[in-house]
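One structure is given here, and the rest of the page talks about it.
Chain naming here is simple, since letters A, B, ... match the order of the sequence lines and numbering starts at 1 in each.
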Amino acid sequence: MAHSTDAERMEKIVSLCKRRGFIFQAGEIYGGLNGVWDYGPLGVELKRNLKDYWWRRTVQQRDDIVGIDGSILTHQAILVASGHVGGFSDPMSDCLLTRARLRADQIEPQSGPVHSYTGARHEASGWSTSRSFSVLRRQGEDENKARKTARQFYHQFRGSHDIGEKEIELLGESVEEVTDSTRFNPANGALLTEPREFNLMFQTKVGASADENDPNAVAYLRPETAQSIFTQYRNVSDSTRVKLPFGIAQVGKAFRNEINPRNFTFRSREFEQMEVEYFCRPEDGLRLTDEWLEQRLKFYEEIGIPRDQLHVLDVPEKDRAHYSKKTYDIEYAFPFGIQELEGVAYRTDYDLSKHQQHSGRPMDYFDDQTKERFIPHVVEPSAGVDRTVLALICQAYDEEQVDDGKGGSETRIVMRFAPRMAPVKVGVFPLLKNKPALVGKAREVRDLLQPFMTVFYDEAGAIGRRYRRQDEAGTPFGVTIDFDTLGENDPALKGTVTLRERDSMSQQRVPIDELLPRLLEAIR
RNA sequence: GCGGGUGUAGCUCAGUGGUAGAGCACUUCCUUGCCAAGGAAGAUGUCGCGCGUUCGAAUCGCGUCACCCGCUCCA
């Protein structure tokens, strides 16, 4: 591993992602769209491999889980029932003095005298304003402190530094006692803006000629994939005759209007989730939450993220959603910090109960054996696709010093993806491109492999450069066709090729007939 | 949202008011040869965007967009 700070490492990763075609910024030629990203040719293969493998392990190789693919446009009533409309937003207030942004519902109520002003002026320059401002005088502060804060505000409000704060004259001072007010910044007593609701959902209107003011036309881009599973739970169980415990899986996009997207693709406004809602009897919920945690950790190991790079956070009650009895966060050690990849949450019967209540449709389950009727509980392992792709990229990125053949060393950049995740599985190269026999044979090898895996065929330039280019793409294998393949020098080598392994750079002579079974075994 | 930084060729970057640059990558060709090899030739720019100052702006000012770092936020 190279000796570089984490920020430097992350910059190199972002740079490689663009250079090699993993991830581009959305709308880049128009200056970019904040918090939105496009996947390039290598990125889309990587992402697809991840989703396909998750689907295979979670749905196809199990008898107790079925899949759905729900719509992104979501009926507003669903999100009212789930608590996202109204609840999925944070009231925010800004400090008028420092412009700090605060959660209005988390401000400590304060009491004390409030100094209010109707405006301010600076006689010498003829400047004045009738903008009002107030300051809460906190415990132990005198009147001059409140006036100083007010002068700071007006000085800043004036926007020019040609006069000093102390020269500003405050106008229309009045003092009034308040109790338990959340309208003032606890840090400095300055007045806050009115709390504003920041709705984190993207709203849209359904119907081409929808009336702007028709409340029934409002729909939302889903903020999580889970709700379509809950709302179709009845249809799925009726049409498949599944018995508890069973799960419904989904992979799909979700949208949140994040206040502050950060860390490359980590916090995006448009992102993809892979999740299961696993329905069970109430008494099994806690046990299954632990079982799912173990299964999910195993999954990460299978895609090349070792256990020691993962952290499991047993989310304390105060940080859990109110309906959750138990939540584990599976976190990965990204270069920018330890951050969540997946949440395994025991959501109790909250969601189905809410939808039963709001829709008036029964969501209960009748157990034939025990003759009990109850609303199933739910365990939800919900993973971020884009976050996992980013973790795969960060985990794979490596720089190593290799001998340059001239007595010195040079840096080799190599993406050490697990072969089953690698965007391209094998590179096929004729040693020289100006020899038709080599090129023809190499194309035959490409055609042999291409129906079974992603193959990159490259005949341009020096062979070493072609190998290194594939190292940056994370291609685990390279196959080179040379004159021995044609049987020119030694008849015993006819029909063999060089198989080069990415991580060790070792080479091996392999008969073409053995290539396909060997590679298939290595990438499955 | 606040504060700081950055934005010039595909990539990494140089260029402090006077003709737009380098290295690498890329394209074509040569090479019986395997780890960014050697040689020859070639193409590549809204200097993030807008407005302003100026005879003249990549360079100075204002605004704006995006990314990075710290804070804040993260149902």
Q.
It should be established whether A/K435 places a side-chain nitrogen or oxygen under 4.0 Å from OP1 or OP2 of nucleotide B/G33.
A. no
- Check whether the side chains of A/S504 and A/E501 place a donor and an acceptor atom closer than 3.5 Å, and report yes or no. yes
Is there any protein nitrogen or oxygen under 3.5 Å from a nitrogen or oxygen in nucleotides 4-12 of chain B, and what are the pairs?
from	atom 1	to	atom 2	distance (Å)
B/C11	OP1	A/K18	NZ	2.5
B/U12	OP1	A/S15	OG	3.4

*asked:* Please give the distance between the P atoms of B/G23 and B/C30 as a whole number of Å.
replied: 25 Å
### Message
Could you tell me how far B/C62 sits from B/U28 if I compare only their C1' atoms? Round to whole Å.
### Response
48 Å
For A/R500, report the nucleic acid contact type (base, sugar-phosphate, nothing); a contact means any heavy atom under 4.0 Å. base
By ring pair (Phe, Tyr, Trp, His ring centres under 6.0 Å), A/Y332 pairs with (sequence neighbours left out) A/F334
Is it the case that the side chains of A/T265 and A/S268 hold a donor-acceptor pair, with the cut-off being a distance below 3.5 Å and no angle test?
no
- Message: Using only atom types and a distance under 3.5 Å, with no angle test, would you say the side chain of A/T475 pairs donor to acceptor with the backbone of A/D471?
- Response: no
Roughly how many Å apart are B/U59 and B/A14, using the C1' atom of each and rounding to a whole number? 13 Å
Report task. Determine the Euclidean distance between corresponding P atoms of B/U8 and B/C60; express it in Å to zero decimal places. Result -> 15 Å
Between the base of B/A36 and the side chain of A/Q470, is there a donor and acceptor pair under 3.5 angstrom?
no
Look only at the side chain of A/R502 and the backbone of A/P419, and say whether a donor-acceptor pair between them is shorter than 3.5 Å.
no
Practice problem: Would you classify A/A462 as touching base, sugar-phosphate or nothing, given that sugar-phosphate means primed atoms plus P, OP1 and OP2, and contacts are heavy atoms under 4.0 Å? | Solution: base
If you measure from the ring centre of A/Y467 to the centre of the six-membered ring in the base of B/C34, is it under 5.5 Å, with the planes under 30° apart?
no
Side-chain contact check for A/N34: nearest option of B/C34, B/C67, B/G33 is B/C67
Checking all strands, does A/E340 fall into the base, sugar-phosphate, or nothing category for heavy-atom contacts under 4.0 angstrom?
nothing
### Message
Does B/A37 have its OP1 or OP2 closer than 4.0 Å to a side-chain nitrogen or oxygen of A/R465?
### Response
yes
- Message: Between A/D398 and A/R412, does any side-chain N to carboxylate O distance fall below 4.0 Å?
- Response: no
By the Watson-Crick or G-U definition, both distances under 3.5 Å, B/G42 is matched with B/C26
By the 4.0 Å heavy-atom rule, please label A/L431 as base, sugar-phosphate, or nothing.
base
Assign each of A/A460 and A/T480 the nucleotide of RNA chain B bearing its closest heavy atom; nearer the 5' end lies the nucleotide of A/A460
When rounded to the nearest Å, what value does the distance between C1' atoms of B/A43 and B/C71 take? 47 Å
Separation of B/C68 atom C1' from A/R262 atom CZ, nearest Å, is 8 Å
Exactly one candidate in A/R443, A/R466, A/K433, A/R465 meets salt bridge (Lys or Arg N to Asp or Glu O under 4.0 Å) with A/E459; the answer is A/R443
* Answer with base, sugar-phosphate or nothing: what part of the nucleic acid does A/Q339 contact at a heavy-atom distance below 4.0 Å? => nothing
Measuring only the C1' atom in each nucleotide, how far is B/C29 from B/G21? A whole number of Å is fine. 27 Å
query = How far does the C1' atom of B/A22 sit from the matching atom of B/C47, given to the nearest Å?
reply = 16 Å
When rounded to whole Å, the CZ to C1' distance for the pair A/F336 and B/C71 reads 17 Å
| query | Could A/R222 and A/F255 be counted as a cation-pi pair, given that NZ or CZ must be under 6.0 Å from the ring centre and within 45° of the axis? | reply | no
Practice task
Indicate, with a heavy-atom threshold strictly under 4.0 Å, whether A/G35 touches base, sugar-phosphate, or nothing.
Solution key: sugar-phosphate
Rounded to whole Å, the CD1-C1' distance (A/I13 to B/C68) equals 14 Å
To the nearest angstrom, the CD-C1' distance between A/E258 and B/C73 comes to 9 Å
**Report entry** Rounded distance in Å between the C1' positions of B/G70 and B/U54
**Finding:** 38 Å
Sequence neighbours excluded, the answer for side chain to side chain donor-acceptor pair (under 3.5 Å) partners of A/D503 is A/R416
Whole-Å distance, A/D503 CG to B/C35 P, equals 18 Å
Can you see whether A/Y300 engages A/E342 through a side-chain donor-acceptor pair at a distance of less than 3.5 angstrom? yes
Below 3.5 Å is the cut-off: list the nitrogen or oxygen pairs between protein and nucleotides 41-44 of chain B, distance only.
none

The ring pair (Phe, Tyr, Trp, His ring centres under 6.0 Å) partners of A/F271 (sequence neighbours excluded) come to none
Report task. Compute whether any side-chain donor of one residue and acceptor of the other, for A/R387 and A/Q273, lie under 3.5 angstrom apart. Result -> no
Q.
If you compare every side-chain N and O of A/N263 against the phosphate oxygens of B/C67 (OP1, OP2), does one of them come in below 4.0 Å?
A. no
Rounded to whole Å, CG of A/L432 lies from C1' of B/C29 at a distance of 14 Å
Taking only the side-chain nitrogens and oxygens of A/Q25, find out if one of them lies under 4.0 Å from OP1 or OP2 of B/C67.
yes
When both distances are under 3.5 Å in a Watson-Crick or G-U wobble arrangement, the nucleotide paired with B/A58 is none
With sequence neighbours left out, the residues meeting ring pair (Phe, Tyr, Trp, His ring centres under 6.0 Å) with A/F264 are A/W37
B/C13 -> Watson-Crick or G-U wobble partner, both distances under 3.5 Å, gives B/G21
When rounded to whole Å, the CZ to C1' distance for the pair A/R468 and B/C24 reads 14 Å
Ranking B/G33, B/C30, B/A36 by distance to the side chain of A/R20, first place goes to B/A36
A/F264 atom CZ is separated from B/A66 atom C1', nearest whole Å, by 14 Å
Looking only at B/C34, B/C35, B/U31, the nucleotide nearest the A/M505 side chain is B/C35
Any strand, both distances under 3.5 Å, Watson-Crick or G-U wobble: B/C67 pairs with B/G5
